[in-house]
2 protein chains.
Amino acid sequence: MRQSGALTEHAVAVARDPAAGSEHGAASTCPVCATADLVCGKWTLLIVHALAADARRFCELEQTLAGISPRTLSVRLRALEEAGLVARVPRTPDGAHAYALTDMGRELLPVIEAMERFGRRWLGGSEGPCGGR
Amino acid sequence: MRQSGALTEHAVAVARDPAAGSEHGAASTCPVCATADLVCGKWTLLIVHALAADARRFCELEQTLAGISPRTLSVRLRALEEAGLVARVPRTPDGAHAYALTDMGRELLPVIEAMERFGRRWLGGSEGPCGGR
DNA sequence: CTGCATCCTCCAGGATACTG
DNA sequence: CAGTATCCTGGAGGATGCAG
């Protein structure tokens, strides 16, 4: 994990090799890894999935993704916005907005579709509710 | 590289199902969710990816997945075995064994391929191999 | 070599409560 | 309704060491 600092008292001198030091996180050489990182969050894919059909407002997402905490939804949404997968879009003249997939976000749908196919085939729908990690 | 026959063709042709997209609440089990849980681990997909081409031994996986700790590899491998995605297979007469994808595991490849395509297109990943992350 | 066990750190994310 | 802020916990997973 991350020990790249003197945060621990017993970490005396860890001369980390700058060359080999790979601060993983976003930049990855492998597209699979990079996508996995993007999507790794527990709810991330479900949010994208929930937005697949049409734009949704915050409270609508809260209802669709039953069990998600507002904090988590907020955090995930922000992350997705930053990643460029989701954008806020105006929806009503009174200024209310909603969240919608961007083109990039929409292209994540094949991944979700593939997962859904797999899930239907092998996990049959009796593997327990959403929410187990 | 990874290939399991003619499975490759279908993943891209996505049919956005407007109806299904919004109906996966907590009331019913969600296949996307279940698959996501299966695959959520940091290294899980990479291990499957690494096994896509052929069976690998423990130390070979350690090398391919540069940076993974033996403990994590062991844990992940065991989880994958339990999930039925990976199986130990004999490889040499002296009793050494290797890990290989099961049929079920192989059917996870479309998901990985979809992710790879996405990664290549949007995350600038043009490289094939997973170095480290 | 193969692989498990033990320790320890850290962060995603749940609960809750509060603002605009 | 639409978020934000604080507190807290579970478990993933890295380091290291040992057993078969």
Side-chain angles (χ1 to χ4, degrees), chain A residues 1-17 20-26 33 36-47 55-83 86 88-92 94-99 129-133, chain B residues 26 33 36-47 55-83 86 88-92 94-99 132-133:
Chain A
M1 208 170 283
R2 181 170 55 82
Q3 89 266 4
S4 56
L7 291 172
T8 52
E9 65 171 283
H10 66 278
V12 183
V14 183
R16 283 173 54 82
D17 186 348
S22 54
E23 280 287 308
H24 93 29
C33 316
D37 273 351
L38 245 193
V39 144
C40 205
K42 177 178 173 181
W43 293 98
T44 312
L45 276 173
L46 300 183
I47 293 174
R56 296 295 194 92
R57 297 173 61 185
F58 194 89
C59 67
E60 294 174 321
L61 286 172
E62 266 186 305
Q63 289 161 19
T64 299
L65 308 167
I68 194 173
S69 68
R71 177 194 161 281
T72 300
L73 180 54
S74 182
V75 169
R76 291 286 96 203
L77 241 19
R78 203 152 307 280
L80 286 170
E81 260 187 287
E82 239 176 85
V86 161
R88 300 190 190 201
V89 298
R91 215 173 62 152
T92 64
D94 61 355
H97 64 270
Y99 297 89
C130 295
R133 180 185 172 112
Chain B
C33 200
D37 275 351
L38 245 193
V39 144
C40 207
K42 178 176 172 184
W43 295 98
T44 313
L45 275 174
L46 301 183
I47 294 175
R56 297 292 195 91
R57 296 175 62 186
F58 193 89
C59 64
E60 293 173 321
L61 286 172
E62 265 185 306
Q63 290 160 18
T64 299
L65 309 167
I68 194 172
S69 68
R71 176 196 162 281
T72 300
L73 179 55
S74 181
V75 169
R76 292 287 98 203
L77 241 20
R78 206 141 307 277
L80 286 170
E81 260 188 284
E82 243 175 81
V86 161
R88 300 190 190 201
V89 298
R91 215 173 64 151
T92 64
D94 61 356
H97 63 270
Y99 297 89
R133 89 180 233 168

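Remember, predicted model here, so these are calculated numbers, not experimental data. The sequence lines fix the lettering, A, B, ..., with proteins before strands; numbering per chain opens at 1.
Note that CH2 of A:Trp43 is 6.0 Å distant from CG of A:Leu65, once rounded to the nearest 0.5 Å. In this structure, CG in A:Leu73 is found 11.5 Å from CG in A:Leu46, a value given to the nearest 0.5 Å. Atoms CZ and OH, from B:Arg78 and B:Tyr99 in turn, are 5.5 Å apart once rounded to the nearest 0.5 Å. Separating the OG1 atom in A:Thr44 from the CG atom in A:Leu77 is a distance of 10.5 Å, to the nearest 0.5 Å. From A:Leu45, atom CG reaches atom SG of A:Cys40 across 9.5 Å, with rounding to the nearest 0.5 Å.
The minimum heavy-atom distance between B:Arg76 and B:Ile47, with the atom names listed, is CB-CD1, 3.4 Å.
Rounded to whole Å, atom P of C:dC1 lies 12 Å from atom CD of B:Glu60. In this structure, A:Leu61 atom CG and D:dC1 atom C1' are separated by 13 Å, rounded to whole Å. For the pair A:Leu73 CG and C:dG13 C1', the interatomic distance rounds to 12 Å; values are reported in whole Å. Taking atom NE2 of B:His97 as the reference point, atom C1' of C:dC1 lies 11 Å away to the nearest angstrom. Between A:Trp43 atom CH2 and C:dC11 atom C1' the separation is 18 Å, expressed in whole Å. In this structure, B:Glu81 atom CD and C:dT2 atom C1' are separated by 13 Å, rounded to whole Å. Residue A:Arg76 contributes atom CZ, which lies 7 Å from atom P of C:dA12 at whole-angstrom precision. What separates CG of A:Leu46 from P of C:dG14 is a distance of 11 Å, to the nearest Å.
Note on A:Arg56: every side-chain N or O is 4.0 Å or more away from OP1 and OP2 of D:dA2. Here B:Tyr99 does not reach the OP1 or OP2 of C:dT2: none of its side-chain N or O atoms lies under 4.0 Å away.
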Mind listing the N/O atom pairs, protein and nucleotides 15-18 of chain C, below 3.5 Å?
none

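The side chain to side chain contact (heavy atoms under 4.5 Å, CB included) test applied to A:Ala96 returns A:Arg57, A:Thr92, A:Asp94, not counting sequence neighbours.
Candidate nucleotides C:dG13, C:dC4, D:dG13 were compared by shortest atom distance to the side chain of B:Thr72, and D:dG13 ranks first. Distances from the side chain of B:Cys59 to the nucleotides C:dC4, D:dA2, C:dC1 place C:dC1 closest. Distance from the side chain of A:Phe58 is smallest to D:dG3 among C:dC4, D:dG13, D:dG3.
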